[in-house]
Amino acid sequence: MTVGIRDATAADIPAVLGVVEDAYRGRSGVRGWTTEEGLVREDRTSATEVRALLADPRSQLLVAVTDERVVGCCAVHPLDDEPDSPVLEFGLFAVDPVRQAGGVGGRLMDAAISWARVQGAPALRLRVLEGRPELEAWYARRGFAPTGRLVPFAGRPGTLVVAGTRMVEMERPLQDASVDSRA
């Protein structure tokens, strides 16, 4: 089945929310390897957050689509804590658990990297919940390296199953075109 990557629209918001909640919270009953189920007790995102990404001309929200169905998404946007930095944040990255490990995530990441390069960003930064070495390893294979910073959880701290869990910050320089996102 062919998967296309395109800019998200307002009509995609319900599908984006569904894919994100399925991937991060296991809401579909299919548990993907990226789930934070058991680590965080609230929705991963909201329609308000997705609308804000769509409305911000400095941000890009991409969707992966097959047969007109959204099966993945990712966003590139200014850093929340450093909005004037030329480095951009890669986030809201989710793939339908049924389609994980099928190349959809790599295609989304490639498209996000291409967009960030066109914007002139020197690097992409992301954050992974502490204690998720499998995710850190996946991103490392795609050129991201830990910055050495642990930052507070981006959501409401009271929703963490383990209080005080932080996020590992990772960054990928964008000048290095030799790293394949499908690795």
Side-chain angles (χ1 to χ4, degrees), residues 4-25 34 36 40 42-65 70-96 104-130 132 135-136 138-140 142-157 159 166-177 179 181:
I5 307 295
R6 65 170 172 76
D7 295 345
T9 68
D12 294 319
I13 291 173
V16 166
L17 293 174
V19 166
V20 169
E21 297 310 319
D22 286 350
Y24 283 90
R25 303 295 185 257
T34 59
E36 294 171 353
V40 182
E42 72 174 3
D43 289 344
R44 167 59 182 80
T45 193
S46 67
T48 301
E49 180 183 1
V50 176
R51 273 191 213 94
L53 284 168
L54 289 171
D56 185 345
R58 303 166 306 152
S59 298
Q60 178 72 14
L61 179 61
L62 298 168
V63 290
V65 180
V70 173
V71 296
C73 63
C74 69
V76 179
H77 55 87
L79 299 169
D80 292 336
D81 54 349
E82 298 176 48
D84 295 327
S85 171
V87 173
L88 294 174
E89 184 167 344
F90 177 75
L92 203 63
F93 185 37
V95 174
D96 180 331
V104 174
R107 293 206 43 221
L108 279 164
M109 184 176 283
D110 286 345
I113 288 168
S114 292
W115 186 83
R117 281 186 175 136
V118 168
Q119 304 311 305
L124 273 182
R125 190 175 297 163
L126 59 81
R127 294 172 176 168
V128 177
L129 271 177
E130 192 175 29
R132 299 296 308 273
L135 286 178
E136 288 182 53
W138 192 88
Y139 286 117
R142 283 147 188 86
F144 287 86
T147 65
R149 286 184 57 201
L150 289 174
V151 297
F153 174 63
R156 291 189 345 252
T159 63
R166 296 170 296 177
M167 301 188 84
V168 176
E169 188 177 81
M170 300 180 78
E171 193 167 287
R172 175 188 167 152
L174 294 182
Q175 298 78 21
D176 180 7
V179 179
S181 295

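For this chain, numbers begin at 1 and follow the sequence in order.
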Nearest 0.5 angstrom please: [X] [atom1] to [Y] [atom2], how far?
| X | Y | atom1 | atom2 | value |
| --- | --- | --- | --- | --- |
| L17 | D22 | CG | CG | 10.5 Å |
| L124 | R117 | CG | CZ | 9.0 Å |
| D110 | R142 | CG | CZ | 9.5 Å |
| M170 | F90 | CE | CZ | 12.0 Å |
| L150 | R127 | CG | CZ | 11.0 Å |
| L126 | L92 | CG | CG | 13.0 Å |

For [X] and [Y], work out which heavy atoms get closest and say how close.
| X | Y | value |
| --- | --- | --- |
| G143 | P173 | O-CD, 4.1 Å |
| V76 | A116 | CG1-CB, 4.3 Å |
| A94 | L108 | O-CD1, 4.2 Å |
| V19 | V70 | CG2-O, 3.4 Å |
| C74 | F93 | CB-CD1, 3.7 Å |
| E136 | V128 | CG-CG1, 4.4 Å |

Notebook entry, point to check: Is the closest side-chain heavy-atom distance between I113 and R172 below 4.5 Å?
Noted result: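 Side-chain contact under 4.5 Å: yes.
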
Check: Once the angle between the rings of F144 and Y139 is folded into 0 to 90°, is it parallel (under 30°), tilted (30 to 60°) or perpendicular (over 60°)?
Finding: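 Correct class here is perpendicular.
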
Could you list the residues that satisfy side chain to side chain contact (heavy atoms under 4.5 Å, CB included) with [X], not counting sequence neighbours?
| X | result |
| --- | --- |
| T147 | R149, E169, E171 |
| L79 | D81, E82, S85, V87, E89, R125 |
| P86 | P122 |

Next item on the list: Can you sort out the partners of T9 under side-chain hydrogen bond (donor to acceptor under 3.5 Å, both in side chains), two or more places apart, ordered by chain and number?
Entry: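 D12.
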
Which pairs would a plain distance check flag for residues 50-63, meaning a side-chain donor or acceptor within less than 3.5 Å of a matching protein atom at least two apart in sequence or in another chain?
| unit_1 | atom_1 | unit_2 | atom_2 | d |
| --- | --- | --- | --- | --- |
| D56 | OD1 | R58 | N | 2.8 |
| D56 | OD1 | R58 | NE | 3.2 |
| D56 | OD2 | R58 | NH2 | 3.1 |
| D56 | OD2 | S59 | OG | 3.4 |
| Q60 | OE1 | W115 | NE1 | 3.3 |
| Q60 | NE2 | D7 | OD1 | 2.3 |

